[in-house]
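We use all heavy atoms of the structure for the numbers below, so side chains are in, but hydrogens, waters and symmetry mates are not.
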Amino acid sequence: MRKLILLLAALLAATVGLVPFAGGAQALEAATVVGNASSMWQTNGTVWTLAYSKGVVYASGDFTSVRPPGAAAGTGEVARNHLAAFNSSTGELLPFNHDLSAKAYMMVPSADGGTLYLGGDFATVDGVSRSRAAAINLTTNTLSSWNPRVNGNVRGIALRGSTVYLGGSFSAINGQARQNLGAVSATGAGATLPWAPTADLTVYRLAVTPDGSRVIAGGYFSNLNGTARRGTGALDPDSGATLPWGSAGTFLPPHSGGCTSDIKDIRVDANNVYFAAEGTGGGCFDGTFAARQSDGALVWTNTCLGATQSVEIIGSFLYKGSHAHDCSSVGAFGEQPQSGRRHLLVEKLSDGSLGPWYPNTSGNPLGPRAFATDGTQLFVGGDFLNVNSKAQQGLTRFGGPPDLTKPRQPKAPAAVSTTAGQVRVNWQAVTDDDDETLVYRVFRDGSATPLFTSAPTRSTFWILPSLSFTDTGLTPGSTHSYKVDAKEANGSNASVKSAATSVTVAATDANYPTTVVSDKPFQYLRLDEASGTTAADSSGNGRTGEYRGSIAYGQAGAIGGDANTAVRLGGTAPNDGYVTQQSTTAVTNPKSLSVELWFKTATTTGGKLIGFGNLRTGTSGNYDRHLYMADDGRLVFGAWTGSASVVSSAAGYNDNAWHHVVGTLGGSGMALYVDGAKVDSNSNNIAQAYNGYWRIGGDNLAGWPNRPSSDYFKGTVDEAAVYPTELTASQVAEHFSHNHA
């Protein structure tokens, strides 16, 4: 299933209002490991480090026993004191059994797989004195005579030939002064070598570049050998001299009372070094970045928030263990609650952007703390208690095959018949933990053969497009039922079918208000009052509006043959003619939405037609998700993402004729429709996070492109609606075409 993926361009079927793959045709992409966890023994405490060698994965941490997969805590426990080994293909516990007095922070196997070097907090191994560094002979499964004595904890280990480089929080190795960095012989008792660079604070990780030309250090330090290097740097592997190291050496913020970042993990490939950072303090850098090995120049940064503890390279991806809670800075998900934090993510080695892999662990408190790989599988250790919502403590693995990760079951679709002889079926996209591209199949009346298969459509847990299909040529008065499923576009796994929804086929086209109500608006103000300050809500949700300022009631409306009237807004000064929510309870940060209304104007001063702001009356300080008109009559729909993201019309519509306008925002991006047709779109799917109020006719537009002369609209408005979902193209077209009573 997870082979190389060709993400096809989305070609729309003639009868469908379908949301295509956001961003259009995509290039060939490599596959991630599968999203389902494979069988693995568990630990009764946190795993701090993992290592792989010759079919075995080694784990060390704060555990004292291990137990079989699926076993509850206290069931089937087998003693393993801070160190255990498992078959990498089956996850089964192996006889390897050594007793550490405390955890190891780092384990590294020798190149020949004959020795496992350990560094950490321990004082003894198998009851024998070993001061924070030890080695296990993997051929004989015995404690080695290698015995360098380190007077503080060892956090980082790297190997180069017969040299073992050590990093941590110490001041001496074998009684010789070494400030947080040093090297010992890989053979014999581990004699201290002359390599003696200095770091002013803790070194958490070390790595040797593949060509052996550099030792890369990462940690909490601000200086290497007295030279300013904030958290990362390169050292000569023979002399220990500080090597040139460009923007990566100054990228992390300096230590301060409110913000501290340090490096928790390092991986290298043929050209680059990849760093995992933990930040302490609000908004302090928590993400990942890549630097060129040759000179330390930054290649890319990923500024997701949520302390990154571990990274690993498999294929063309960098796997990341963290508790990411806000990746909006890289165009992904916004702030997540504690329960929604993402502890496993994948980034593309080429640019650091998020890739298609979304399994998860619990965070207790952080989740994953250690990664290792055999080249195809990802081994994960940490403080988690479950994986993909199933009980699994401390240790897991992802790899396969088989791929057992299926798309999630879609919710029951909405099926409505507002056009004679037709049924429109609407549904929301779902997710798959290792496939972002799915197709959706519609089944009618219990048939096993799909009536319709959609174009490939991208979805993630924060991008859930709305889709629709129109079933035509049906007999008026007949009743039909519909189900939907989701299937991998590039594989065979399919979800369970949704529950069925039944509908009776209409014999005549529904009128405009019936068509609007069938799509379940959040609020629907028909604006047909003859007087007063209350605008009735026809959505059935009781969300009435309030008329304020200069309002001319009883104007001829936009809907043909309809006796309902419209209102004309003054638009001559702030607060002069607009409609706001009557309730003083703010709407919670709408993320997926549509705004719709009819308008008629000859104004040359523009103004806001409908939008969201943080104030119910007056001039909002936060304001977006709005439709407004420029002075020349062009229409703009915008959302604020740190800057204005807008879609706009090429034509002007201040021709004193009625026009229908809709703006949509959500999983499919942004779109602007005028008179039933899409006139512009983009891929943005986020807006500014705040709570506020929906207003019709005016509010702040400061700082927005093509800001009109007036923020308040002068013209006639009718049939204003707000929806909690994206309307699809077919829904918008149907609304416009049903412009009758």
Side-chain angles (χ1 to χ4, degrees), residues 1-2 32-52 55-97 103 309-310 312 314 319 321 323 339-345 357-374 376-409 431-434 493 495-496:
M1 161 279 166
R2 298 286 300 156
T32 64
V33 300
V34 298
N36 54 275
S38 298
S39 179
M40 191 80 189
W41 273 55
Q42 309 172 68
T43 61
N44 73 342
T46 301
V47 171
W48 284 88
T49 183
L50 294 170
Y52 168 82
V56 179
V57 59
Y58 300 90
S60 182
D62 292 323
F63 55 86
T64 56
S65 67
V66 296
R67 63 184 185 275
T75 304
E77 301 282 356
V78 177
R80 288 292 188 273
N81 202 31
H82 304 299
L83 182 62
F86 308 88
N87 185 300
S88 63
S89 298
T90 66
E92 290 290 323
L93 178 67
L94 296 176
F96 178 93
N97 186 9
K103 63 180 171 287
Q309 302 293 314
S310 51
E312 187 59 86
I314 304 177
Y319 291 79
H323 62 275
S339 60
R341 294 186 173 190
R342 309 304 299 192
H343 301 95
L344 294 170
L345 291 170
W357 194 68
Y358 303 103
N360 208 4
T361 72
S362 61
N364 304 92
L366 292 179
R369 289 183 178 271
F371 284 169
T373 185
D374 60 1
T376 59
Q377 295 185 94
L378 179 71
F379 304 101
V380 180
D383 57 26
F384 49 86
L385 299 177
N386 65 66
V387 178
N388 290 340
S389 301
K390 294 183 179 179
Q392 177 74 21
Q393 184 177 359
L395 188 61
T396 190
R397 66 187 175 106
F398 296 91
D403 177 14
L404 304 177
T405 308
K406 295 183 178 181
R408 289 168 174 81
Q409 180 184 20
T431 59
D432 182 307
D433 284 343
D434 54 20
N493 284 341
S495 73
V496 175

Test item: Phe384 and Leu344 side chains (from C-beta on) under 4.5 Å apart, heavy atoms: no
Val380 vs Phe371, side-chain contact (heavy atoms from CB on, under 4.5 Å): CA-CA, chis, key distance, verdict: CA-CA 5 Å; Val380 180; Phe371 284 169; 3.7 Å; yes
So, taking the atom named [atom1] in [X] and the one named [atom2] in [Y], what distance separates them when rounded to the nearest 0.5 Å?
X      : Y      : atom1 : atom2 : answer
Arg408 : Ser495 : CZ    : OG    : 11.0 Å
Gln392 : Leu385 : CD    : CG    : 10.5 Å
Thr90  : Arg397 : OG1   : CZ    : 6.5 Å

Given Ile314, Val387, Thr373, the one that forms side-chain contact (heavy atoms from CB on, under 4.5 Å) with Phe398: Val387
CA sep, side-chain torsions, deciding dist, call: Phe63, Leu395, side-chain contact (heavy atoms from CB on, under 4.5 Å): CA-CA 11 Å; Phe63 55 86; Leu395 188 61; over 6 Å; no
Donor-acceptor contact present, side-chain [X] to main-chain [Y], <3.5 Å:
X      : Y      : result
Gln309 : Leu366 : no
His323 : Arg341 : no
Gln42  : Gln393 : yes

Least distance between heavy atoms, [X] atom then [Y] atom:
X      : Y      : value
Gly76  : Pro68  : O-CD, 3.4 Å
Ser38  : Gly399 : OG-N, 4.3 Å
Ala370 : Ser310 : N-OG, 3.8 Å
Gly367 : Asp383 : N-OD1, 2.6 Å
Asn493 : Leu404 : ND2-C, 4.4 Å
Asn36  : Pro402 : ND2-O, 3.7 Å

Val33 vs Tyr319, side-chain contact (heavy atoms from CB on, under 4.5 Å): CA-CA, chis, key distance, verdict: CA-CA 10 Å; Val33 300; Tyr319 291 79; 3.8 Å; yes
Tyr52 and Phe379 aromatic ring geometry - parallel, tilted or perpendicular at 30°/60° bounds: parallel
[X]-[Y] side chain donor-acceptor pair, cut-off 3.5 Å:
X      : Y      : result
Thr431 : Asp433 : no
Asp432 : Thr405 : no
Ser65  : Asn44  : yes

Residue pairs involving residues 67-97 (criterion ring-ring contact (aromatic ring centres under 6.0 Å, His included); sequence neighbours excluded): Tyr58-Phe96, Phe96-His98
Results of side-chain contact (heavy atoms from CB on, under 4.5 Å) for Lys103 - residues two or more places apart only: Trp48, Ser60, Asp62, Tyr105, Asp121
Residue pair Arg342, Asn360: steps toward the side-chain contact (heavy atoms from CB on, under 4.5 Å) verdict: CA-CA 6 Å; Arg342 309 304 299 192; Asn360 208 4; 4.0 Å; yes
Within residues 77-96 or reaching into it, pairs that qualify as salt bridge (charged side-chain N to carboxylate O under 4.0 Å, His left out) - sequence neighbours excluded: Arg67-Glu77
